[in-house]
Amino acid sequence: MTSRRFLTLGIESSCDDTAVAVLEDQATVLSSRISSQLELHAPYGGVVPELASRDHQERILPLVFSALSEAGVTDPGAELGLIGVTMGPGLMGSLMVGVMTAKALAQAWKVPLLGVNHLEGHLFANVIQNPGLQPPFLTLLVSGGHTEVILARAFGDYAILGCTRDDAAGEAYDKLAKVLGLGYPGGPVIDRLAAKGNPDAFSLPVPLAETSRVEFSFSGLKTASLNLIRQLEREGPLPVEDICASFQKAVVEALLKKVELAIQLTGVRRVAVSGGVAANSGLRRAFSGRKAWEVFIPPANLCTDNGVMVAAAAYHGYRRGKRTGLDFSPDPALELLSD
Ligand code: KG4
Ligand code: ZN
């Protein structure tokens, strides 16, 4: 091993995925392991926090050791330069499992530890994919818990330009899927069905889309979709694919419009999309089609929660001089703050 090789272990357990990765320097992924809890939560139509933390607790250490072994790390204390762990936002019980595991390993191996903001992690999925991506850029962060437009003036220097007033975009997908009996999470299945439907079949309203502020609202779209479904149910078999396509069109249009507004307001045309909903095929197509913008979207496996993004955010934070000792606490409502 050369002395220039810096290895970061990234640990993510903020919601329903246990994920561990080993990153070499800033963008070389040596291993990435994810244990998904989809089947565990599917019968409930959403994440059950108690079940999530119990499952993280069972899986996290075997996952750490398999990620290390795949990366060829045999002596973590000697070979790892840093451990990064998600410290928030997320579910408290889930976060605690990752944070306590990381603290114990850091202490045992005498490796520095850095608590990472999950949202900054999502942003760094773009950096992994495009190591040359340099601020300033806009980030559209769209996940199950967040819908935000952020101006990254520099790494570690963020301004939140706007967010959702109610539901996150992914949450709207999950809620619609629940109503349609499509299971959890709703995004991937609605995305698949939407591809077979007519996006112009039904006109669904997107609240706040026309305002001059960077802001979102998806709960009204959910209510409008519910009302449409009730009305269509009375008329015959539900045109599920058309409903999904029309819903997806409305969501993507709302996101596009507000990013467009953010570009007008800031003059920054470089747009990095991240978070689970960035895996959406309609969104990827629409954003990639914007010729006047420079658009970055990570591959789908880096859009949803993963350990690589946490390792990358930790690596960059550490290089910028960020430090957390062993006495920090997980914060379920952690905001994306600048250094
Ligand atoms: O980032 P993520 O894995 O977890 C959070 O931090 O929330 O995002 C999960 C969210 C879920 O709401 C899920 O339905 C949504 O991302 N999602 C999608 C797609 N894949 C995942 N939404 C739309 N289309 C997709 N293909
Ligand atoms: Zn996430």
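When a ligand or atom number is given, it counts from 1 through the structure's own listing order.
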Evaluate [X] for polar contact with ligand 1, using N/O atom pairs at a separation under 3.5 Å.
X	result
G187	yes
Y173	no
G276	yes
S281	no

For the Zn ion (ligand 2), protein N, O or S atoms at a distance below 2.8 Å amount to 3
Value for CZ (R153) from OG (S338), rounded to nearest 0.5 Å, stands at 6.0 Å
With heavy-atom distances below 4.0 Å as the criterion, list the atoms of ligand 1 near [X].
X	answer
T304	3 (O)
G170	12 (O)
G145	7 (O)
H118	6 (O)

Checklist entry - Is a side-chain donor-acceptor pair under 3.5 Å present for E12 with N306? => result no
Any heavy atom of N280 under 4.0 Å from ligand 1? The part involved is both
Quick note, ring-ring contact (aromatic ring centres under 6.0 Å, His included) partners involving residues 246-300, not counting sequence neighbours, are Y173-F247, F287-W293
* To do: Go through the structure and list residues passing ring pair (Phe, Tyr, Trp, His ring centres under 6.0 Å) with F216, not counting sequence neighbours.
  =>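 Not a single residue meets the ring pair (Phe, Tyr, Trp, His ring centres under 6.0 Å) criterion with F216.
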- Measure the distance from atom 11 (C) of ligand 1 to every protein heavy atom, then report the residue, atom name and distance (to 0.1 Å) of the closest one.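 I find the closest protein heavy atom is D174 OD2, 3.6 Å.
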Atom 4 (O) of ligand 1 sits nearest the protein heavy atom D305 OD2, 3.2 Å
message = Hydrophobic clusters here meaning ILVMFWY residues chained together by side-chain heavy-atom distances under 4.5 Å, can you tell me if V47 and Y44 are in one?
response =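 No, because V47 and Y44 fall into different hydrophobic clusters, even though each may have its own neighbours under 4.5 Å.
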- Are any of the heavy atoms in H122 under 4.0 Å away from ligand 1? yes
Flag the pair F124 / F155 as yes when their ring centroid distance falls below 6.0 Å, and as no otherwise. yes
In terms of side-chain geometry, is the basic nitrogen of R290 or E260 positioned less than 4.0 Å from the acidic oxygen of its partner?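 The answer is yes: the pair qualifies as a salt bridge.
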Applying salt bridge (charged side-chain N to carboxylate O under 4.0 Å, His left out) to E210 and not counting sequence neighbours gives K257
